[in-house]
Amino acid sequence: MNYISLEAAKKIYDCAKSCKIHWHNIEHNKFKEFCLDISKFDRLVAEIDDFPLKDFIRLLRRYRFKLSAAPVEFNNPAVISSNMIDKLSGYIKEFELTYPSIANEASTLFEKITNIASTSENPLLDYITSNFNSDKDTALLIKDSSLILPAEVIFSRYKNLQNLHLLRPHQMRGGACYNQLIVAGPSLWFPSFIFDSPRAYEIHILKYQWVKDSCKTESAFLESSIPKVASRGRKSFKENISLENVVLENSINSEELLYSIDWDNFSVDFTSTGGKSSSYEHARARLFLLEKEYAVFLEVSENSKALVIDIEEDENEEEEQESRVKRINVNDIQEEMFLLLRAGGGGDYIVPVADQILGDKAVQARKSQERWKQLLRKIVKRRGIQEVCLALKSLGSPRASETNARNWMSSKSIKPADYQDFLAIMRLIRLEKEASKYWKIAQAIEHAHRRAGYYIRNELLNKVMHTDLSNLERTGKMDFYLEQAGGGALTAIRVEGKSPGFYEVPISRLGVYFERDV
Amino acid sequence: MNILNNLLDKNGCDLPEWCHFFADTGAFLVNKEKHGERLVAATSNPTRAFAAAFLATGFVIAKAKKTKKSKNTLNDHFKFLCSQEKNTKLIFKSSKRKKIGFFDGIDWIPELQQDAVRIRLNDKNKTTDVIPRERAFEISIAPDQNVNISSRQVGYQVNINESFVEYFLKSYTKEFIAKSNLDCVIIGRLNCITNEIEDKFFNIKGENNKFVRGKLQDILRTRRLLREGESYKTDIIPTSKSKAQFGSSEVPGLVVFDSALGFLRLKDYYQNSHWVVLLDRTELSHSEGLEQLNWEFMQNRSGDVIKTEFKDVPPGVELVIYREAFK
């Protein structure tokens, strides 16, 4: 968190004192019908566990959410595409055969979405242009990062909205205060600090009329040391509220409207389509959702680390290891940290630099390493992992186990830590006479990897120190070009979420970021 | 309470009420100290800005005033100096510069009819300085007795804004500046806190409507921002540190956790100090910090919550103060 001046802090407390919250209900009959019908259909098919059906609903929900979350046209390419329409159409044909009992309802929904998506109506924008102008130092808060750019393009066409600040929730943590904050979507979509630690004198919540929204304030502590008379505590939403939220009979809860990731389907989409499918070349990984609808799988073993930029940390720390650029355990990666990944989705950023360090020897070294690993994999395939572990133990391996054997075979690991384990492997694959030669090569690769990591981190530290990170904070993604450390680039990209569970992912997919929604 | 009475901003305007609230909370804790128990206070705020700085300032001033009342006088300090072993390293003021020398004994100055401390420098002539009793507060024990003393010592210019501190501590000022005591440690973002206490100037309207300019560091005397050997009252520990940075024998009176993250990471190292936990609601770790704090409250609280009589609580701020037995 950046320094906030005394003057800025004064404004923050002024906002806390006098902030008024207003709800604005937007009407649109066709869109309302469509939204309510999706919920009905969802309830109808809730018990059916079928991928095409789940994907059909996912696409509809996504469209519904995005239109509720930003002032974009119903036919904006950021929310709907011809690919998506084709996909939905394909599912309809499938349902006529597989689920005839619900095919009619699905077809009706499809008609409605194609109807709505054929128009350029934009009810949220119409409301904003009629009721607000950016001369009053106004900001618009948008939940979904992928909608910022499309919204920017739209607002650039309106003179009275050209100075509107388009913000994401994390940007409300700082010291900047506004006269007006327009919130696109119900209040429950956003972190509570937007409303209980406001950075605006007026907050205007724009939501569709049929969306239920409620506000709740809770005391932070179990008891208070402040006399009740003096307490102006956290602002009660019930004070200074106009256009009180009206609950209608036909309505949807705001949480239901949120487009949440179906983690199980996510893994089916991406993990089965990437890379080699050898069962020994898979790793346990967690899925991280990134800014601008990207995602990445990262391995989660005990020693798995990732390079991150943590803007929350102090600059100019005395100890180099504790600074904004650091290697942390994958399990410790939090939302709003910035992951550093190979630009262009190239996976491992160490290997190319290590190869440069190895120079002429790189190709031969990698071939040699792959050779003994490949021979080991063949034996495991023939005899099974348990038998191989027993065999390695009998050949002198002190640490042979299923986990270790898988690691030793994996192209992600360079060599066993102990020479005795390595020698046992060489004996097993009948390369004992060349054990020493292969060991030296493996050591050279390991040394090159360590030096590569050192160069990359040092150059990155230098780059980050001299880069204005406020741009990274604002856009959520930035490339860092590493001229010194063998060239290439790393991309810093904000983490937006992480999967609750783990997946078995081909090693070739690890660290390769990809676009989430196709 | 108004412990920072008449402190104005750099333009001579009144400080916002929330600045006084945090300072008075710090002072309130001093008044509630009780032997055998420690105090835990927590606030939930719309921003962390300046809260720790003002709270620590209020605490340090109130602590100094309380110490003053316990009759720690010039004579006591002189006796204390005279009781040191020969060759103990002392920091003393010599012609507006601070130098380090060896305690060499006691002299008598007939012209002043006073005894005096004799301090020997490390130069080839073994030059001595004689400081009379009335200036005893200009001498302090060097915190690091292993510090090297150059044979060609020039010393460093004394940079103490005495007139600013004097407004709050009156006649106790010299004694306050002379002695080191770790009253308070702030754990938080080093750069932010440093900016707040070192780079931000305030004013006091003194006599004849003249403004006396100063900064919170003039009162806080944060060790990290002082030269080696200067007397200190507080220190700052960056949140990212993995363990306490000063000698295990030095336990601060108060630890101010200027973020939930600092509290979660380092609270176990300060079980023998009073705590203030400042929770900024916009901070990422806020809910985790709050959960931990409420758990601590349920598990360790001793007696009822301590009620304050603050009349003007800043909007959006919550406060709880309770006692815990020392572990």
Side-chain angles (χ1 to χ4, degrees), chain A residues 1-19 169-170 172-175 177 191-199 219-227 229-235 310-319 321-324 326 334-337, chain B residues 9-10 15-19 28 41-51 188-192 194-196 199-200 238-242 259 261 279-287 290 293-294 297-298 301 304-322:
Chain A
M1 216 175 285
N2 292 328
Y3 170 72
I4 294 174
S5 69
L6 191 65
E7 292 69 29
K10 187 174 180 300
K11 279 193 186 158
I12 291 171
Y13 281 97
D14 284 345
C15 287
K17 186 176 177 181
S18 51
C19 179
H170 69 268
M172 306 301 300
R173 293 184 192 279
C177 287
S192 56
F193 71 79
I194 301 289
F195 307 100
D196 65 27
S197 303
R199 298 314 199 236
S219 291
F221 307 119
L222 301 172
E223 287 185 46
S224 173
S225 292
I226 297 173
V229 154
S231 176
R232 283 179 282 175
R234 281 156 70 182
K235 176 151 281 305
D310 185 358
I311 283 179
E312 290 290 303
E313 290 287 2
D314 259 320
E315 299 167 33
N316 300 323
E317 277 295 335
E318 289 152 1
E319 292 175 8
Q321 45 276 46
E322 297 291 347
S323 72
R324 286 179 161 188
K326 48 190 184 182
Q334 306 279 350
E335 282 177 38
E336 300 197 23
M337 279 185 180
Chain B
D9 69 13
K10 64 178 181 187
L15 280 186
E17 61 183 28
W18 54 268
C19 300
F28 180 84
T43 71
S44 176
N45 318 314
T47 176
R48 60 148 298 284
F50 286 86
R189 291 206 60 190
L190 186 59
N191 284 350
C192 287
T194 302
N195 282 342
E196 289 167 3
D199 299 337
K200 181 75 191 168
T239 309
S240 55
K241 292 301 181 192
S242 59
S259 68
L261 190 63
L279 298 172
D280 175 349
R281 287 196 289 275
T282 67
E283 193 195 344
L284 274 168
S285 311
H286 172 261
S287 20
L290 180 61
L293 196 287
N294 281 332
F297 175 81
M298 282 191 299
R301 181 187 51 164
D304 292 333
V305 152
I306 299 173
K307 293 290 184 189
T308 68
E309 285 173 11
F310 294 133
K311 292 203 174 70
D312 289 320
V313 176
V317 173
E318 294 178 66
L319 169 70
V320 66
I321 308 176
Y322 62 93

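Naming: A, B, ... by sequence-line order, numbering from 1 per chain.
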Do [X] and [Y] have side chains that approach each other closer than 4.5 Å (heavy atoms only, starting at C-beta)?
{"X": "B/Val305", "Y": "A/Leu222", "result": "no"}
{"X": "B/Thr282", "Y": "A/Arg199", "result": "yes"}
{"X": "A/Phe221", "Y": "B/Leu290", "result": "yes"}

Under the salt bridge (Lys or Arg N to Asp or Glu O under 4.0 Å) rule, what do B/Lys200 and A/Glu7 come out as? Steps first, then yes or no, please.
CA-CA 11 Å; B/Lys200 181 75 191 168; A/Glu7 292 69 29; 3.0 Å; yes
Under 3.5 Å: donor-acceptor pair, side chain of [X], backbone of [Y]:
{"X": "A/Ser225", "Y": "B/Thr308", "answer": "no"}
{"X": "B/Arg281", "Y": "A/Phe193", "answer": "no"}
{"X": "B/Thr47", "Y": "A/Ala9", "answer": "no"}
{"X": "B/Asn294", "Y": "A/Ala220", "answer": "yes"}

So, for A/Ser197 and B/Pro46, which heavy atoms are closest and what is the spacing to 0.1 Å?
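Looks like OG-CA, 3.5 Å.
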Shortest non-hydrogen separation from B/Leu284 to A/Arg173 and the atoms involved
CD2-NH2, 3.5 Å
Which atoms of [X] are under 4.5 Å from chain A, going by heavy atoms: the side chain, the backbone, both sets, or neither?
{"X": "B/Thr43", "value": "backbone"}
{"X": "B/Ala42", "value": "both"}
{"X": "B/Asn45", "value": "both"}

Approximate separation, where rounding is to 0.5 Å, of [X] [atom1] and [Y] [atom2]:
{"X": "A/Tyr3", "Y": "B/Glu196", "atom1": "OH", "atom2": "CD", "answer": "6.0 Å"}
{"X": "A/Ile226", "Y": "B/Ile321", "atom1": "CD1", "atom2": "CD1", "answer": "8.5 Å"}
{"X": "B/Asp280", "Y": "A/Ile4", "atom1": "CG", "atom2": "CD1", "answer": "7.0 Å"}
{"X": "A/Leu6", "Y": "B/Trp18", "atom1": "CG", "atom2": "CH2", "answer": "5.0 Å"}
{"X": "A/Glu223", "Y": "B/Ile306", "atom1": "CD", "atom2": "CD1", "answer": "12.0 Å"}

Is A/Glu335 in contact with chain B via its backbone, its side chain, both, or neither, using a 4.5 Å heavy-atom distance?
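Contact with chain B involves the backbone of A/Glu335 alone.
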Ion pair present between B/Glu17 and A/Lys17, side-chain N to carboxylate O less than 4.0 angstrom?
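No, no charged N to carboxylate O under 4.0 Å.
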Under 6.0 Å from the NZ atom of B/Lys10, do we count more than 12 heavy atoms belonging to anything else shown?
no
